[in-house]
Each structure stands twice: as structure tokens, then as C-alpha cells.
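Whatever order the structure lists ligands and atoms in, that order sets their numbers, starting from 1.
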Amino acid sequence: MSQNFVTQQLSGWGRFPVETCNVYRPESRRQLAAILESSSQPSLISYGLGRSYGDAPLNVQGGVICDTRLNRFLVFDEQSGVLECEAGVSLAEILRYFLPRGFFLPVTPGTKFVTVGGAIAADVHGKNHHQDGTFGNYVLDFKLLTPKGDILSCSANNNGEVFWATLGGMGLTGVILSARIKLRPVASAWMQVDYQQAANLEDALGSMTESDIHYQYSVAWIDCLATGRHMGRAVLMRGNYAPVRELLASIRDPLAEPPRRRWTLPFDFPSLALNSLTVRAFNTFYYNLHRNAARQLVDLETFFYPLDAIYHWNRMYGGRGFVQYQSALPLAGGLEGLKKVLTRLSQSRRASFLAVLKRFGKSNPGPLSFPIEGYTLALDLPVASGLIPLVRELDGLVMDYGGRIYLAKDALMTAPTFAAMYPKVEQFREIKSRLDPGGVLSSSQARRLGIVRK
Ligand SMILES: Cc1cc2nc3c(=O)[nH]c(=O)nc-3n(C[C@H](O)[C@H](O)[C@H](O)COP(=O)(O)OP(=O)(O)OC[C@H]3O[C@@H](n4cnc5c(N)ncnc54)[C@H](O)[C@@H]3O)c2cc1C
């Protein structure tokens with residue numbers, strides 16, 4: 001029973017690439033262990049909720065273990081806020097249960113539809129990286145099932161090397177079974193947000209450098225089609241949790257979220273709908289919509305997960321899918337590097353509604369963890385002819401400035417580019433070979449990037 005799999009076409013959130021994989025959905029730890037021990041697949045990889053954009057959770061013609069049925073809360077200590085749960089629990093499930101009890105996620109990506117296992121494996125970051133670092137900073141420990149059948153308890157002090165290699169290790173060190181996470185106590189489900197227009201990139205980065213320290217959360221939407229003296233014009237959205245005394249009298253329960261209307265994009269947009277004219281018009285509208293405003297009350301869901309309000313928004317980029325191009329550039333030279341990237345993008349006339357700029361704080365010891373101190377820019381590029389040469393050019397620019405591409409978003413990087421961007425990969429391979437000498441765990445991405453042998 002546990003060895004049953006279904007062969008299906010699978011993709012990440014970008015719907016590119018789409019690959020044929022053999023998908024297992026174990027319902028117990030025992031079934032999971034049996035798959036790892038004796039499946040007939042050439043290799044296996046974990047799959048959470050498929051919110052990474054490319055092929056990190058895919059394994060063409062191989063096995064994929066989807067762990068969303070292993071999703072129990074195990075223990076919660078209300079005093080310390082420490083939650084122990086299985087890795088298939090989603091951040092949405094944690095919020096649904098714990099926000100009304102006064103706890104929020106310590107670090108959250110821009111969607112709540114990711115699993116705890118996926119959040120650890122990508123060592124995800126949020127709008128508070130400059131203050132709080134990555135999700136891994138709040139993982140006290142986790143249990144990892146290795147292909148040898150061992151269950152390792154890993155923390156920064158116990159099996160520390162495995163702990164750090166697994167944070168950002170994209171599922172290649174083992175299957176995360178469960179984790180203990182320290183949740184953040186909050187008094188309300190509301191933020192106080194300042195909106196500030198920035199006339200160009202210098203202005204945006206200058207404001208972030210000068211005043212991000214006053215905000216726990218900071219992010220900027222950026223107009224990646226603006227050129228000349230407006231290049232990189234942006235809207236900074238920065239905020240802190242709203243104290244209860246600041247809430248409107250009409251908000252009876254500070255921890256209750258207001259009801260939210262949800263939409264579904266019912267079909268793929270035709271590719272003509274998205275072009276530089278429509279995006280330019282949208283960008284002008286969006287920029288002008290956000291006039292400078294201070295201390296606006298915004299509920300957590302709207303602030304952290306604006307896109308979750310539209311189910312299947314990834315259909316907006318049409319049936320061929322899209323890639324999200326997320327780079328990080330170091331502080332030194334970062335401004336110049338970002339300008340080069342934006343110049344190249346505006347020349348290419350590629351459309352991206354969603355271009356997001358953030359500041360990163362210090363990196364952690366994870367050999368494949370993405371953030372480096374500096375800036376990160378994420379934008380969506382629809383799949384169309386000419387995309388691959390463009391991405392190669394952008395990769396070259398990012399590399400020239402000492403930057404890197406996020407593995408959770410990547411679908412196109414080459415092995416030499418990856419090796420140059422992640423110089424600690426050899427340390428990662430060494431740890432992986434000890435945990436997985438037979439090379440059981442492998443993904444389409446890991447083979448493309450040469451993290452594992454083909
Ligand atoms: C709208 C949107 C916004 C996003 N915003 C951000 C953001 O702000 N910051 C950020 O960092 N990321 C962001 N992401 C990316 C997302 O947070 C990561 O890709 C995350 O890893 C997805 O989790 P998942 O459960 O969907 O995992 P999947 O996408 O299914 O898998 C991701 C990786 O985790 C591994 N994995 C999954 N489960 C396990 C397990 N139990 N054990 C071992 N390995 C496992 C997989 O093998 C794979 O390598 C965003 C994604 C979307 C769609």
C-alpha cells in the first residue's frame with residue numbers, strides 16, 4: 001500500500017518546467033520510511049505544497065514524496081510559544097489555529113500556503129530579514145529521516161552540520177519529519193504601516209538604509225519598467241505590529257482577522273494580455289495609488305499575503321508558465337548591480353507586475369542558504385522566446401557583482417553559475433554524501449545544477 005504511487009505531470013508554482021513524476025502520498029511515518037528504504041525509483045525527493053517556482057521539488061521519471069498528509073500538531077507550550085508539528089503542516093494551518101491565541105509566525109514568506117518542511121528546506125525569509133534573519137533562526141530543532149533509515153535530531157548544537165546543511169538544502173539531506181518552532185507572541189492581528197514613494201532606486205535604497213531599523217517589516221514594490229531618472233521608482237511599505245490601544249474602536253477582537261474576499265483566476269490569461277504597455281499602465285496606476293501615508297492600519301493577512309487573496313494567480317502569466325527571477329546582491333556594489341539588472345530588464349521589455357525589493361541582514365552558516373547581507377530583487381518573467389538568453393545575461397550580471405540566485409525560485413540556472421554563486425557547495429556535498437552515500441535523494445534541480453551526479 002505504502003509503495004503505491006501515481007504517475008502524474010507535476011510542476012512548481014511557476015508551472016515551468018512540467019515533468020512526469022511518480023508521486024507517493026504516505027499517511028504515516030512507517031509508510032514514509034518504507035518508501036525511502038525500498039522504493040523502485042531511481043531517486044526520490046520531497047514535495048510540500050509546490051510553492052517553490054521551478055524544479056526543486058520535481059524528479060523527472062523518478063519518485064516524489066508528498067508529505068502533506070503528515071500534518072499533525074504534536075505539542076504546544078503556551079508559555080514559551082514553542083510548537084512541535086509534523087513537516088507537512090502548512091503555515092496557513094498554524095495561523096488558523098494559533099493567531100486567535102495570540103501567536104504569529106516568526107518569519108513568513110509571501111504566501112502562507114507552504115509547509116513547515118518546505119520552509120526549512122528553502123530556509124525561507126520574510127519582510128523582516130534585516131531584523132530577524134531566516135525561518136531557520138526560529139527552528140529549535142527538527143527530526144530528519146535519512147536514506148540510511150536513521151532519524152537524526154538536529155539543532156544548532158546537536159548534529160549542527162546537518163542542521164545547517166538541511167536549512168536551505170532543498171530536501172537533499174533527508175526527509176524532515178517534524179520540527180519545533182518558536183512562534184512570535186502578538187497582541188493584535190493588525191499592522192501599522194507607513195507607505196512612502198521613492199522617486200528612483202537610489203532614493204529607495206537610501207530610505208531603507210537610513211530608516212529600516214525603525215521597522216520590523218520592510219518591503220518595496222518596484223516599477224521595473226521605469227527608466228532614466230525614474231529607474232527603480234518604488235513604493236516602500238514598512239510597518240510594525242499595531243498595539244491594541246491604536247486599533248479602531250470598531251475592532252472588538254484584536255486577534256480576529258477581518259473577513260476577506262477571495263477570488264479565483266479561472267483560466268490562463270492569453271499571453272497578449274501581458275505586455276510592456278499593460279504593465280507600464282498598471283505600474284503608473286499602482287505607483288500613484290500609494291501616496292505617502294503614515295501609520296495605516298492593515299490586517300496581517302493583507303500585509304503579508306496580498307497574493308493569497310487570488311487563488312491560482314499564477315495563471316495570469318499564461319499556459320506556458322513563468323519563472324521568478326530572485327537575486328541577492330551584496331551591500332558593496334549592490335546599487336550598481338541592481339541598476340544594471342533593471343536596465344537590462346527594461347531594454348528587454350519583459351513584463352513583471354510583481355517586482356519586489358528587500359534588504360537582507362546577515363547570512364547564516366547554511367552552505368546553501370540564500371540570503372547574503374545586501375539587497376534582494378524578485379520579479380516574474382513569463383516563459384517566451386528569448387527568455388533563456390536573457391536569464392543567462394542577468395545571471396552574468398548578478399555573478400559579476402558577487403550575488404546569487406534563490407534556489408526556491410530557480411528553474412534555469414546552469415551548473416557553473418550555481419557553483420560560482422554558492423562557493424560552499426563542496427561542504428554541502430560532503431555532508432550529503434555521509435547522510436546519503438547511495439545518492440537516493442535527488443531532484444531535477446539538483447541534477448541540473450550538479451549538486452548531485454546525474
Ligand atoms: C506567492 C509566493 C510568495 C513567496 N514568497 C517568498 C518569500 O517572501 N520568501 C521566501 O523565502 N520564499 C518565498 N516563496 C517561496 C516558498 O516560500 C518556498 O519555495 C517554500 O520552500 C515552498 O514550500 P512548499 O511547502 O511549497 O515546498 P515545495 O515547493 O513543495 O518544495 C520546496 C523544497 O522543499 C523540499 N521539501 C519539502 N518538504 C520537505 C520535507 N518534509 N523534508 C525535506 N525537504 C522538503 C523540497 O524537496 C523542495 O526542494 C514564495 C512562493 C510563492 C508562491
*asked:* Return the closest protein heavy atom for atom 29 (O) of ligand 1 as residue, atom name and distance.
replied: S52 OG, 2.6 Å
*Near Y53, which atoms of ligand 1 are under 4.0 Å from a heavy atom of that residue?*
1 (C), 2 (C), 51 (C), 52 (C), 53 (C)
_Lys/Arg-Asp/Glu bridge criterion (N-O < 4.0 Å) met for K112, D308_ = no
*With respect to atom 23 (O) of ligand 1, which of V114, T108, L144 exhibits the smallest heavy-atom separation?*
V114
*Which residue and non-hydrogen atom of the protein lie closest to atom 41 (N) of ligand 1, and at what distance in Å?*
D67 OD2, 2.7 Å
*Applying ring pair (Phe, Tyr, Trp, His ring centres under 6.0 Å) between F98 and each of F76, F103, F104, report the one that passes.*
F76
*So, does G50 sit close enough to ligand 1 that a heavy atom of it is under 4.0 Å from the ligand?*
yes
*Name the option, out of G117, G174, A87, that contains the heavy atom nearest to atom 43 (C) of ligand 1.*
G174
*Would you mind listing which atoms of ligand 1 come within a distance below 4.0 Å of any non-hydrogen atom of W13?*
53 (C)
*Of the side chain and backbone of A122, name the one, both, or neither that has a heavy atom under 4.0 Å from an atom of ligand 1.*
side chain
*For atom 49 (O) of ligand 1, which protein heavy atom lies nearest, and how many Å away is it?*
M170 O, 3.0 Å
*asked:* Any donor-acceptor pair under 3.5 Å linking the side-chain atoms of S218 with those of R359?
replied: no
_Salt-bridge criterion met for R184 and D132 (N-O under 4.0 Å)_ = yes
_Positive for side-chain hydrogen bond (donor to acceptor under 3.5 Å, both in side chains) with N59, one of S442, S43, S444_ = S43
*Among pairs that include at least one residue of residues 137-157, which meet salt bridge (charged side-chain N to carboxylate O under 4.0 Å, His left out), considering only residues two or more places apart or in two chains?*
D141-R180
*asked:* Looking at non-hydrogen atoms alone, which of G88, A446, G118 comes nearest to atom 38 (N) of ligand 1?
replied: G118
*How far is atom 4 (C) of ligand 1 from its nearest protein heavy atom, and which residue and atom name does that atom have?*
G110 N, 3.8 Å
*According to the interplanar angle, ranging from 0 to 90°, do the rings of Y217 and F304 count as parallel (below 30°), tilted (30 to 60°) or perpendicular (above 60°)?*
perpendicular
_If we only consider heavy atoms of F135, is any one of them less than 4.0 Å away from an atom in ligand 1?_
no
_Considering both backbone and side-chain atoms of S46, is one of its nitrogen or oxygen atoms within less than 3.5 Å of a nitrogen or oxygen in ligand 1?_
yes
*Examine Y406 against ligand 1 and note whether any of their N/O atoms are separated by less than 3.5 Å.*
yes
_atom 26 (O) of ligand 1 [closest protein heavy-atom partner, distance rounded to 0.1 Å]_ = R51 N, 2.7 Å
*With heavy atoms only and a cut-off of under 4.0 Å, state how K127 meets ligand 1: side chain, backbone, both or neither.*
neither
*Establish, for the pair K409 and F370, whether the NZ or CZ atom is under 6.0 angstrom from the six-membered ring centre and no further than 45 degrees off its axis.*
no
*Nearest to atom 30 (O) of ligand 1, what protein heavy atom do you find, and at what distance?*
G48 N, 2.7 Å
*Protein contact to atom 14 (N) of ligand 1 [nearest heavy atom, distance to 0.1 Å]*: K409 CE, 3.7 Å
_Side-chain H-bond candidate by donor/acceptor type, Q8 with T20, under 3.5 Å_ = no
*Please check if atom OH in Y97 has more than 12 non-hydrogen atoms from other residues, nucleotides or ligands closer than 6.0 Å.*
no
_Can a side-chain donor-acceptor contact be found between S211 and R238 if the only test is distance below 3.5 angstrom?_
yes
*Judging by distance only, is a nitrogen or oxygen of H125 under 3.5 angstrom from one on ligand 1?*
yes
*Residue portion contacting ligand 1 (non-hydrogen atoms closer than 4.0 Å) for K358*: side chain
*Is the shortest side-chain N to carboxylate O distance from R96 to E93 below 4.0 Å?*
no
*Using a strict 4.0 Å threshold on nitrogen-to-oxygen distance, state whether R15 and D268 make a salt bridge.*
yes
*Taking both backbone and side-chain atoms of P109, is any N or O found less than 3.5 Å from an N or O belonging to ligand 1?*
no
_Less than 4.5 Å apart, side chain to side chain, heavy atoms only: is that true for I94 and V116?_
yes
*Any idea which protein heavy atom is nearest atom 35 (C) of ligand 1, and the distance to it?*
A121 CB, 3.4 Å
*Considering only heavy atoms, does I176 approach ligand 1 within less than 4.0 Å through its side chain, its backbone, both, or neither?*
both
*Kindly confirm or rule out an N or O of T115 lying under 3.5 angstrom from an N or O of ligand 1.*
yes
*Look only at interatomic distance and state if G126 has a nitrogen or oxygen under 3.5 Å from any nitrogen or oxygen of ligand 1.*
no
*Take the angle between the ring planes of W313 and Y317 and call it parallel below 30°, perpendicular above 60°, tilted in between.*
perpendicular
_Using a 4.0 Å heavy-atom cut-off, which part of F370 comes near ligand 1: side chain, backbone, both, or neither?_
neither
*Just wondering, do P258 and T302 contact through their side chains at under 4.5 Å, heavy atoms?*
no
*For ligand 1, is any non-hydrogen atom under 4.0 Å from W313's backbone (N, CA, C, O), its side chain (CB onward), both, or neither?*
side chain
